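Notes follow the structure.
In this text, all values refer to a predicted model and were calculated from it rather than measured experimentally. Chain A is the first sequence line, chain B the second, and so forth, proteins listed ahead of strands; every chain is numbered from 1.
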There are 2 protein chains.
Amino acid sequence: MSHETAPLDAEQLGAYFALMEVSTLLQHAVDEHLRADGDLSYVQFQILARLTDAPDGKLRMTDLADGVVYSRSGLTYQAGLLEKRDLITRTPAPDDERSVIVSLTDTGRGLVAQVLPGHIDVVRRLLFDSLHQRDLAALGSVLGRVREHMRAAPPRSAKPRTGRHRTI
Amino acid sequence: MSHETAPLDAEQLGAYFALMEVSTLLQHAVDEHLRADGDLSYVQFQILARLTDAPDGKLRMTDLADGVVYSRSGLTYQAGLLEKRDLITRTPAPDDERSVIVSLTDTGRGLVAQVLPGHIDVVRRLLFDSLHQRDLAALGSVLGRVREHMRAAPPRSAKPRTGRHRTI
DNA sequence: GAGATGTGCTTCAAGTTCGAAGCAAAAATG
DNA sequence: CATTTTTGCTTCGAACTTGAAGCACATCTC
């Protein structure tokens, strides 16, 4: 067996639990706010937000799913809902018949703009109000490094990634 | 309007996204491992782990749900599954006929012991291998502070908490 | 101490999630 | 090129999650 399995020390355990609890609570709070403010789930908001960030507001389904860390079938389902509300559009890609290109509609862009201030407000209130500038810098840099590390070492079953993968 | 809604600056946004992505990836990885190793979902493991930590391996349903940040009905469902597998036991509380006390069985305790090393291993590999001791300390202390802040300011709709609430 | 209110858990229905299977188009292989 | 393999998405079934409604016990109020 090549891996050490000594127990995590108390400090590591604390950091791990804190990370999971903070992210869970934050997600719940944000989700609740998004629902009240724009009838969007957290996942739906993530999809729209990611599109907002993309060039021309367009992304292929797969790239979208990867960005949101979400199953393909789940994305198909949510895309159906969003399309029904006219927040996005799905059209076959011109260069590759298999691909579907998801485009943000004006309505979608509007809705994101509408809920964004509240969203940001919740995040700031919960996550940042308790932090000093120095803490924030530390948190960002440490988590950024962890993220790179994780992307490099994907969860066992993952296939080798396709490379072109935009940062959120 | 009493709240400032200036956009989060780039640093804050980066930290927020990194936090959410790291926790999601970590959760997926851990979930996959638990399933392979002991046929447990992450939620189920959390339930069992929390019981392992509790005095006598017993907790009331409500306390359990609070600890896991989980809906009551969802917990009932999962408790049913765990009971069917003889990992826990449910018995009415002697002092309060309404309450149900969940107890970890020996089988349950054994299963936790069985999957724990792998679980820890995944967490260490993904979360801690990329961190120096100093970073770890920073992460733990910052997240710990955030957690306290969040617990103090619960997500809008939450009822005033009951007070006796053990730290994970 | 009877009636109103609150608490703890379960049941229920509706919605969401995922992986496996299916299907079509593209790329790789010979 | 014909055949195999891979890729991108959707459909399908089964499992999970949740809030609301329901039920039983406890607590409060007069």
If you pin Leu75(A) and Pro94(A) to their nearest nucleotides in DNA chain C, which one's is more 5'?
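The residue mapped nearer the 5' terminus is Leu75(A).
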Both Tyr77(A) and Met61(B) contact DNA chain C. Which one's nearest nucleotide lies toward the 5' end?
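Its nearest nucleotide being more 5', the pick is Met61(B).
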Describe the nucleic acid contact of Leu81(B) in one word from base, sugar-phosphate, nothing, applying a heavy-atom distance below 4.0 Å.
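Answer is sugar-phosphate: Leu81(B) comes under 4.0 Å of backbone atoms only.
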Please classify the nucleic acid contact of Ser99(B) as base, sugar-phosphate, or nothing, using heavy-atom distances under 4.0 Å.
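Here Ser99(B) touches the backbone only, sparing every base.
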Grab the CZ-C1' distance between Arg60(A) and dA26(C) for me, whole Å please.
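Between C1' of dA26(C) and CZ of Arg60(A): 12 Å.
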Could you tell me the separation between the CZ atom of Arg35(A) and the C1' atom of dT17(D), rounded to a whole number of Å?
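Arg35(A) atom CZ is separated from dT17(D) atom C1' by 11 Å.
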Let's see if you can work this out: which of dA24(C), dG8(C), dT10(D) has an atom nearest to the side-chain heavy atoms of Thr62(B)?
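In terms of side-chain proximity for Thr62(B), the closest of dA24(C), dG8(C), dT10(D) is dG8(C).
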What's the closest nucleotide to the side chain of His28(B) if the choices are dC25(D), dT16(C), dC18(C)?
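Nearest to the side-chain atoms of His28(B), counting from C-beta on, is dC18(C).
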Leu19(B) and Val22(A), any side-chain heavy atoms less than 4.5 Å apart:
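When only atoms from C-beta onward are counted, Leu19(B) and Val22(A) do touch, with a gap below 4.5 Å.
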Do the side chain of Ser73(B) and the base of dG19(D) come within less than 3.5 angstrom through a donor-acceptor pair of N or O atoms?
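Indeed, a donor on one side and an acceptor on the other fall under 3.5 Å apart.
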Looking at Asp31(B) and Arg35(B), does any basic side-chain N land under 4.0 Å from a carboxylate oxygen?
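Looking at Asp31(B) and Arg35(B), the cut-off is met.
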Tell me whether Arg124(A) is salt-bridged to Asp129(A), with the criterion being a basic N under 4.0 Å from an acidic carboxylate O.
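Judged by the 4.0 Å cut-off on N to carboxylate O distance, Arg124(A) and Asp129(A) do not form a salt bridge.
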Would you say the ring centers of His119(A) and Tyr16(B) fall short of 6.0 Å from each other?
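Ring centroids of His119(A) and Tyr16(B) are less than 6.0 Å from each other.
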